[in-house]
Q: 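Sharing a structure with you now.
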There are 2 protein chains.
Amino acid sequence: MSNDAPTTEPERTRAPNIRDVARVAGVSYQTVSRVLNDSPSIRPETLARVRAAIDELGYRPNQAARALVTSRSRTIGVLASQTVHYGPATSIQAIEVAAREAGYRLSITNISSGDYASIKSGLDYLMSQSVEALVVIAPQVRVFEAIADLQVAVPYITLESTGQNTQHSLWVDQVTGARMATRHLIDLGHEEIMHISGPQDWIEAEARMQGFLRELDDAELRTRAPILGDWTASFGYYAGLELLRYRDFTAVFCGNDQMALGFMHACREAGLDVPGDISVVGFDDIPEAAHFAPPLTTVRQNFAEIGRRSIELLLGELQGERDLSHEPVRPELVVRRSTGPRSGR
Amino acid sequence: MSNDAPTTEPERTRAPNIRDVARVAGVSYQTVSRVLNDSPSIRPETLARVRAAIDELGYRPNQAARALVTSRSRTIGVLASQTVHYGPATSIQAIEVAAREAGYRLSITNISSGDYASIKSGLDYLMSQSVEALVVIAPQVRVFEAIADLQVAVPYITLESTGQNTQHSLWVDQVTGARMATRHLIDLGHEEIMHISGPQDWIEAEARMQGFLRELDDAELRTRAPILGDWTASFGYYAGLELLRYRDFTAVFCGNDQMALGFMHACREAGLDVPGDISVVGFDDIPEAAHFAPPLTTVRQNFAEIGRRSIELLLGELQGERDLSHEPVRPELVVRRSTGPRSGR
DNA sequence: GGGATGCATGTGTACGTTCACACGCACGTT
DNA sequence: AACGTGCGTGTGAACGTACACATGCATCCC
């Protein structure tokens with residue numbers, strides 16, 4: 001190929017620089033920097049010239065360089081454990097939108113299992129990206145341990161959990177939600193109520209169980225050991241098949257909607273009517289719950305709300321606000337057709 | 001406050017440096033750099049000393065500095081439109097894991113609506129982070145336009161779509177899946193089959209519709225205009241209520257499982273039996289589908305697989321492989337109880 | 001009218017890392 | 001003995017930006 005321009009090579013294709021922009025606009029690079037950072041004292045005419053140069057060159061600020069010099073990554077880390085689930089997914093989406101609006105980007109990492117090593121390595125991975133803040137949507141109990149161990153120095157907040165650590169937690173009040181669900185069943189006359197819970201190492205599963213037990217206790221009803229499930233519809237189904245062999249209860253409070261779905265499936269197979277023979281309550285109010293057979297009575301959580309608020313809180317803390325008071329979001333009981341008065345037997 | 005140490009301040013808490021490590025280990029900073037980058041020619045003894053210094057100081061490489069000098073962000077961008085849905089969420093999770101294993105991190109951005117401006121701004125946001133590659137899980141038709149307009153210069157791939165652009169697409173073969181579902185209904189003797197489709201601007205909705213229509217055509221059965229839905233269970237429900245007023249069909253192929261759920265809900269309310277009166281097929285095989293009432297016949301897609309493969313392909317392209325041949329992933333028909341032979345009327 | 005003040009802009013430096021190159025040394029070969 | 005070769009290590013740049021400071025000029029006030 002002809003290559004007969006040995007003097008001023010037209011430069012290899014390199015992304016345009018702040019200095020390139022300055023040259024085109026006929027100003028110093030610092031002035032360009034000021035434009036980029038919305039400095040107040042810029043002559044309108046200069047501003048226009050710089051803007052034009054930026055457009056002409058298709059210039060984009062180099063985030064890495066910016067991060068290096070400011071030592072601010074503008075990244076918020078998210079440690080999640082089950083991003084496929086409706087709740088976490090909804091929260092994360094809200095977080096992403098809120099973060100982006102505030103000029104932050106997200107770095108999400110999934111932990112496959114809830115064991116300590118896994119949590120720690122996920123956290124470690126995020127810290128290595130020097131995130132400025134941390135949202136944890138992995139409601140395993142060991143998370144707090146790991147955060148302490150790794151000496152996480154950035155503001156952090158855990159979602160969908162509950163517990164002692166109110167300073168760093170934001171959650172829908174699971175205990176109250178569980179009590180509302182249980183109360184609803186009691187009000188309908190049920191006295192023998194089962195609970196199919198989530199996995200024991202999930203803080204929220206634990207909280208729902210606590211709410212359930214306390215409400216039963218307050219009503220002076222017999223409490224029985226909850227079944228420990230894994231959140232899946234399949235588990236609800238198989239647990240149901242097993243439980244219905246005895247059928248020494250008239251109502252079930254399930255730890256989430258999926259397990260309730262599986263349980264109702266088992267009821268159908270056993271020839272039992274919901275709510276005629278057995279009342280079922282779920283938790284979460286996933287969009288599908290209204291169309292289950294029958295439509296499911298459940299406890300609605302505003303996942304998007306806590307997502308948004310977590311970012312709000314973290315950004316506040318990054319700006320030095322010390323007052324991080326916040327109240328748990330109240331859940332809401334949604335009564336549909338899967339619950340009814342206790343049948344006379 | 002007392003501030004009486006004007007000489008050598010013990011330094012503000014600053015993250016340890018590659019030079020700090022070098023000083024502690026008694027080597028040059030370049031040697032430390034070599035250790036970090038697994039350079040082969042390092043004396044084992046030196047290696048050990050450096051490693052020890054790294055641990056002692058709790059040193060972490062500064063990604064921003066690294067990105068700046070190498071001009072590699074080690075980030076893969078994900079443009080997603082519905083991260084709450086089961087399919088995208090599953091793919092993204094697989095992508096995240098695969099990317100992390102390869103030393104890449106993810107930057108995910110959600111586009112709320114499918115309009116062109118929204119897609120473009122999402123893409124723009126990702127490009128401003130100088131991602132090295134791009135995965136698009138926003139199966140709107142306009143995505144290709146936007147990619148061309150923005151002159152995206154990095155390898156990219158779109159998921160869950162189909163179409164002409166095989167070089168940059170990876171998908172479960174939606175057309176074949178839809179044909180399988182339709183064929184199944186035809187084999188059961190159904191001749192009047194409805195289709196409730198996804199939104200028209202989703203490539204995959206379009207593909208499923210095409211598969212449906214082609215299969216009917218091949219069987220020389222009457223085709224009718226599909227209903228354009230929005231993927232939600234609620235839509236399926238209301239569409240069902242409407243359609244069942246006429247009931248001039250004996251089977252329905254729904255664009256996804258959620259709409260199928262809603263449709264079956266409508267059937268129950270109308271006093272119709274599934275599959276006795278009407279057969280229903282879904283698409284996706286979400287984990288809940290097996291526990292619907294009745295358990296749903298549907299087309300399974302391996303979302304995780306395409307997620308993994310997308311990263312594989314992109315990494316290959318980043319390493320200069322030009323042979324990006326890949327075949328669509330085959331879907332799988334899962335026959336459950338929501339379909340049955342056409343009832344004699 | 002001279003100093004203080006404000007605005008608009010420019011100059012040096014630092015952030016933490018990797019790359020290209022140079023160096024000293026112990027080999028083996030001629 | 002002189003030479004190239006490989007290994008292990010060190011030195012000087014450069015990446016693109018923001019911050020601290022300096023500069024020139026107009027304005028203001030007493």
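We name chains A, B, ... by the order of the sequence lines, and we start the count at 1 in each one.
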Q: Does dC15(D) have OP1 or OP2 under 4.0 Å away from a side-chain N or O of Asn62(A)?
A: no

Q: Can you tell me how far C1' of dT17(D) sits from OH of Tyr59(A), to the nearest Å?
A: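 Spelled out: OH on Tyr59(A) to C1' on dT17(D) is 7 Å.
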
Q: Can you tell whether the side chains of Glu132(B) and Arg74(B) come within less than 4.0 Å, N to carboxylate O?
A: no

Q: For the side chain of Thr75(B) and the backbone of Ser73(B), is there at least one donor-acceptor N/O pair under 3.5 Å apart?
A: yes

Q: Counting side-chain heavy atoms from C-beta on, which of dC15(C), dT17(D), dA18(D) comes nearest to Leu68(A)?
A: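 Of the options given, the side chain of Leu68(A) lies nearest dC15(C).
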
Q: If the sugar-phosphate is the primed atoms plus P, OP1 and OP2 and the base is the rest, what is the B/S/- string for nucleotides 6-12 of chain C, using protein heavy atoms under 4.0 Å?
A: --SBBBB

Q: Are Leu134(A) and Ile76(A) packed together at the side-chain level, in the sense that at least one heavy-atom pair is separated by less than 4.5 angstrom?
A: no

Q: Determine yes or no for a side-chain-to-main-chain donor-acceptor pair under 3.5 angstrom, with Arg100(B) supplying the side chain and Asn110(A) the backbone.
A: yes

Q: Salt bridge check, Lys120(A) against Asp115(A): does any charged N sit closer than 4.0 Å to a carboxylate O?
A: no

Q: When you measure from the side-chain N and O atoms of Ser33(B) to the phosphate of dT18(C), is any distance below 4.0 Å, counting only OP1 and OP2?
A: yes

Q: Any side-chain N or O of Asn17(B) under 4.0 Å from OP1/OP2 of dC15(C)?
A: no

Q: I'd like to know if Arg308(B) and Glu312(B) make a salt bridge, using a cut-off of under 4.0 Å between side-chain N and carboxylate O.
A: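 Here Arg308(B) does not pair with Glu312(B) in a salt bridge, since their nearest N and O are not under 4.0 Å apart.
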
